**Q** 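Let me begin by handing over the structure; questions about it come next.
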Amino acid sequence: MTVYLSLSGVLFLIGLHGFFTARSLLRRLLALNVLTTAVFLLFVVLARLAEPLDPVPHAIVLTGIVVTVSTTAVALALVVRIAGRVRDEDDDAAAGPRGDAG
Amino acid sequence: MIPETTGPVVLFSLPLAAAIVVFIRPRWSVPVTLGSGGILLATALWVVVAVLRQGPWRQDIGGWTAPLGIGWTVDGLSAALLLLNASVGLAGAVFHAARPAARTPVRDPRFFWPLWLFLWGGLNALFLAADLFNIYVALEFVSIASVGLIGLAGGSAQAAAWRYLLATLLGSTIYLLGVALLYGRYAALDVALLAESVEPELVTVVAAALMTLGLLLKAAVFPLHFWLPAAHGRAPPAVSAVLSAVVIAAAYYLLVRLWFGPFAPLLGPGVATLLGLLGAAAVLWGGLQALLQRHLKMLIAYSTVSQLGYGLLVFPLAAAGAVQLAWTGAVMLVVAHGLAKAALFLAAGAIVLRHGIGRLEALGGDQQGAVVAWVAFAIASASLVGLPPTGGFVGKWWLAQAALATGGYFWLAVLMLGTAFTAGYLWRALQAAMRPGWETEGGFQALSPALGLSALGLALGSAALGLAAPIAARLLDAGSGVVG
């Protein structure tokens, strides 16, 4: 169990490091997901440690996964929008100043 | 006679059901939202009256009790915030419905109303939730809806929405880690159960620190406020109003809930002073930044950072002994701030629409069509500064009395200095209205009077809160967890 417990700690640190150092939007989102996974792992370890086995943390993790899927979907939708806007501006810049063609 | 337990059920399910309806039938958006908003406001009032009459209660959904079931608690604090949410929700909906749609393009306008109602329902769920994990789910609910609403403004608001999303998700994750530690130690999630069993020891302290950090990030407390001004300043006006008034207050509500509930044994002078110093720094830094802003909405957004700092002064004052006074004063101040701040954002929205520009120096000249909005702005400013007899005055008065009673002259000085800043930046905004100005291109644009009136309603509510101070004090005393 200590292995899983320390794995959860390591994952949390990796996620935190990634969150604060990553430049790309997608990488930061992934780092956040790693962070959340570390917390879920901690919940599962807690369930295993309890005598008798405790079902509540499992219910929590299942709900938590649903929540994370939703937040990730929203974040991805936002990334797509932002990326699309940046690309539009790049295209505009590549096309040169407006009015030149005419 | 309908039992009062129906109230929370309506408050939780009606906005969500309405959200689904307006998502499927965008044409019905405005009547459905305003209709259910009216019912929600009436229900929130009814819940407040019920708490005043018979004290707080707890209800278990479907008869399933803790730990497996989901429980709701309704007490004075949650009832006050439910009423604040309903007032701001309805006024914001009126504003958004009445705005000239052609001149304030919103990306994907059909998503506004479902998101608005989802946010409303999520906040109600948050104020009702009785256990730490449901609070987490409600927090995420609120985050998703808020991010969507900010992003609807398009353009640079999307970058602001992204930063807000990252900050708020990080906050929830850190909060959840604290919940996991608490659950591992005490095998309980229910706030009331935890309050009975928590002992001051290492695991609890770490959990408390993590959960507090997460919530401070969500409440945009200095120095974790970096995401707030852009997100609140660039969102559509109605969205700024609900974010600054209620969403920020929700994170503050949880801080108060936790520190005067389960974590009360940990609230020593050291922790309390640290939280108080963060609050004091927020009051001064936010006030200073607001003074330096050149854009009306950004000025109001920075003011939120400043005003929420007052709320944190409750911790040192309560730790010094004046629990009841400090507690009632701080919550009163946060609720009065909510109403006044929402009024300011809605009024600013109407004023910016009238002038076609939001820079302070361009707001002078002919005010025809924006008079009601400026009146609302002035009344809300009076409440924010704390002129009697407004709600802001009563809250500050109680906090000041708590500071005097405990000899906390430093906190009293913060209170005074913050008030001077508030008066300064709000006067700058009001002064802008009186200056002679140039006519903008296109001249005067006719606006629906509902824009100004929605702001005026909230501003008057904030002022009337001061007249209703005895009732408010009785409400907040009702089962606040600190009644002794």
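Quick caveat: nothing in here was measured; it's all calculated off a predicted structure.
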**Q** Only pairs of heavy atoms separated by less than 4.5 Å count here; which of A/V74, A/L78, A/L16, A/I60 has the most with chain B?
**A**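 That would be A/I60.
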
**Q** Which atom names give the shortest non-hydrogen contact between A/I82 and B/Q158, and what distance separates them?
**A** CD1-O, 3.7 Å

**Q** Taking the six-membered ring for Trp, are B/F133 and A/F43 parallel (under 30°), tilted (30 to 60°) or perpendicular (over 60°)?
**A**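 Judged by the thresholds at 30° and 60°, the geometry between B/F133 and A/F43 is perpendicular.
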
**Q** Starting at CZ of A/F19, measure out to CG of B/L169 and round the result to the nearest 0.5 Å.
**A**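 Taking CZ in A/F19 and CG in B/L169, the distance rounds to 8.0 Å.
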
**Q** Which value, rounded to the nearest 0.5 Å, describes the distance between A/L32 atom CG and B/L166 atom CG?
**A** 6.5 Å

**Q** Sort B/F141 into side chain, backbone, both or neither according to what part of it lies under 4.5 angstrom from a heavy atom of chain A.
**A** neither

**Q** Is chain B contacted by the side chain of A/S8, its backbone, both, or neither, given a heavy-atom distance below 4.5 Å?
**A** neither

**Q** CD1/B/I174 to CZ/A/F12 distance, rounded to the nearest 0.5 angstrom?
**A** 6.0 Å

**Q** Examine whether an atom of A/L35 lies under 4.5 Å from a heavy atom of chain B, and if so say whether it belongs to the side chain, the backbone or both; otherwise answer neither.
**A**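 For A/L35, the contact with chain B is made by backbone and side chain together.
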
**Q** Can you measure from CH2 (B/W162) to CZ (A/R28) and round to the nearest 0.5 angstrom?
**A**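 If we round to the nearest 0.5 Å, B/W162:CH2 and A/R28:CZ are 8.0 Å apart.
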
**Q** Is A/L25 close to chain B through its backbone or its side chain, or both, or neither, when contacts mean heavy atoms under 4.5 Å?
**A**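 Interface part for A/L25: both.
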
**Q** Which answer fits A/L42, side chain, backbone, both or neither, if we ask what part of it has an atom under 4.5 Å from a heavy atom of chain B?
**A** side chain

**Q** For atom OH of A/Y4, decide whether the heavy atoms of other residues, nucleotides or ligands shown that lie under 6.0 angstrom number more than 12.
**A** no

**Q** Which region of B/L165, side chain (C-beta onward) or backbone (N, CA, C, O), has a non-hydrogen atom less than 4.5 Å from a non-hydrogen atom of chain A, or is it both or neither?
**A**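 The side chain, not the backbone.
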
**Q** Could you check whether any side-chain heavy atom of A/S70 comes within less than 4.5 Å of a side-chain heavy atom of B/I144, counting everything from C-beta outward?
**A** yes

